[in-house]
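Before any comments, here is the structure.
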Amino acid sequence: MLIYFIGPGGAGKTTIANLISKKFKFICCDLDYYFMQTEGDISQYIHMNGYRKYALRNIQLFKELQAQFDINKITIIVCSSGFMTYPENLDQNYHELKGEIENHIFTFLVLPSLDLEMCVQTILSRQMNRTYLNPVIESEELKIRARFKIYTGFKCRAVLTDRSPDIVADNFIKIFGDLLLEKKK
């Protein structure tokens with residue numbers, strides 16, 4: 001069974017997915033980490049090849065992760081921050097793939113808040129502490145603001161990361177359990 005976590009960088013997707021995988025023995029696959037394992041540093045890749053080529057490669061790697069999952073195990077795929085915001089015409093199958101993820105019963109939007117300003121401030125404080133990103137506060141803020149409306153427009157359920165990671169993980173498991181029961185009916 002696949003679970004997808006989508007949302008902007010710094011929202012808490014990887015932190016929560018890793019915690020859930022440890023506490024409940026789920027498998028966790030982070031698309032950014034998979035990219036770095038196969039292609040190296042993301043910033044350098046984008047600098048050398050451009051964002052379009054990065055996005056196309058990221059789609060390929062996502063499909064690889066999807067194909068590797070064991071249907072008998074619960075697997076969380078943590079999508080890259082921009083994965084659901086690529087241009088619709090980027091790849092001939094991207095629109096379908098994006099729709100599949102958005103409409104999947106176990107896709108969760110991970111955000112610190114559904115309030116734009118609170119979300120921006122929380123994510124900025126988290127992102128600016130990630131020195132490996134070489135973040136520039138102005139460009140990070142613009143990116144978060146631009147993607148917020150896209151992400152909050154998706155039909156999937158939201159998981160808010162405005163509490164301690166343990167509480168968020170436990171709340172997620174309750175939501176997930178309720179969805180499993182609903183699906184069995």
Should we say atom NZ of K22 is surrounded by more than 12 heavy atoms from elsewhere, each under 6.0 Å from it? no
Suppose we screen for side-chain hydrogen bond (donor to acceptor under 3.5 Å, both in side chains). Which residues come up paired with S21, at least two apart in sequence or across chains? none
Give the C-alpha distance, both sets of side-chain angles, the deciding distance and a yes or no for side-chain contact (heavy atoms from CB on, under 4.5 Å) between Y33 and V78. CA-CA 10 Å; Y33 291 139; V78 178; over 6 Å; no
Kindly determine whether Y86 and L56 satisfy side-chain contact (heavy atoms from CB on, under 4.5 Å), including the steps that lead there. CA-CA 9 Å; Y86 297 152; L56 287 168; over 6 Å; no
To the closest 0.5 Å, what do you measure between CD1 (I6) and CZ (F83)? 10.5 Å
R57: what forms a side-chain hydrogen bond (donor to acceptor under 3.5 Å, both in side chains) with it, not counting sequence neighbours? E39, Q60
How would you list all residue pairs meeting salt bridge (charged side-chain N to carboxylate O under 4.0 Å, His left out) that involve residues 96-123, not counting sequence neighbours? E88-K98, E117-R145
Considering only residues two or more places apart or on different chains, which pairs with a residue in residues 71-85 satisfy salt bridge (charged side-chain N to carboxylate O under 4.0 Å, His left out)? none
Sorted by chain and number, sequence neighbours left out, side-chain hydrogen bond (donor to acceptor under 3.5 Å, both in side chains) with D91 holds for none
Return the CG to CD distance between D30 and Q37, rounded to the nearest 0.5 Å. 9.5 Å
When rounded to the nearest 0.5 angstrom, what distance separates CZ in F106 from OG1 in T75? 12.5 Å
Working to the nearest 0.5 angstrom, can you tell me the gap between I59 CD1 and L90 CG? 4.5 Å
Would you mind listing every salt bridge (charged side-chain N to carboxylate O under 4.0 Å, His left out) that reaches into residues 157-172, with sequence neighbours excluded? K23-D166, K23-D170
K25: which residues meet the salt bridge (Lys or Arg N to Asp or Glu O under 4.0 Å) condition with it, sequence neighbours left out? none
Residues forming a side-chain hydrogen bond (donor to acceptor under 3.5 Å, both in side chains) with D178, sequence neighbours excluded: K174
Residues two or more places apart in sequence or in another chain: which of them pass side chain to side chain contact (heavy atoms under 4.5 Å, CB included) with I173? I20, F24, F26
Please tell me if the side chains of M1 and L180 come closer than 4.5 Å, counting only heavy atoms from C-beta onward. yes
Kindly say whether I101 contributes a backbone atom to a donor-acceptor pair with the side chain of T107 at under 3.5 angstrom? yes
Looking only at heavy atoms, what is the nearest atom pair of L111 and C119, with distance? CD2-SG, 3.8 Å
Cluster question for you: counting only ILVMFWY and a side-chain heavy-atom cut-off of under 4.5 Å, with indirect links fine, are L61 and M48 together? no
Between SG on residue C79 and CG on residue L31, distance to nearest 0.5 Å: 6.5 Å
Are the side chains of C29 and Y34 in contact, using a 4.5 Å heavy-atom criterion? no
Residue pairs passing the salt bridge (charged side-chain N to carboxylate O under 4.0 Å, His left out) test with at least one member in residues 7-19, sequence neighbours excluded, are none
For D70, salt bridge (Lys or Arg N to Asp or Glu O under 4.0 Å) partners two or more places apart: none
Indicate yes or no: at least one non-hydrogen side-chain atom of S113 is less than 4.5 angstrom from one of T122. no
Got a second to check how far R147's CZ is from S81's OG, nearest 0.5 Å? 4.5 Å
Per the ring pair (Phe, Tyr, Trp, His ring centres under 6.0 Å) rule, what does the pair list look like for residues 4-23, sequence neighbours excluded? Y4-F62, Y4-H104, F5-F172
Any donor-acceptor N/O pair, N58 side chain to Y54 backbone, under 3.5 Å: no
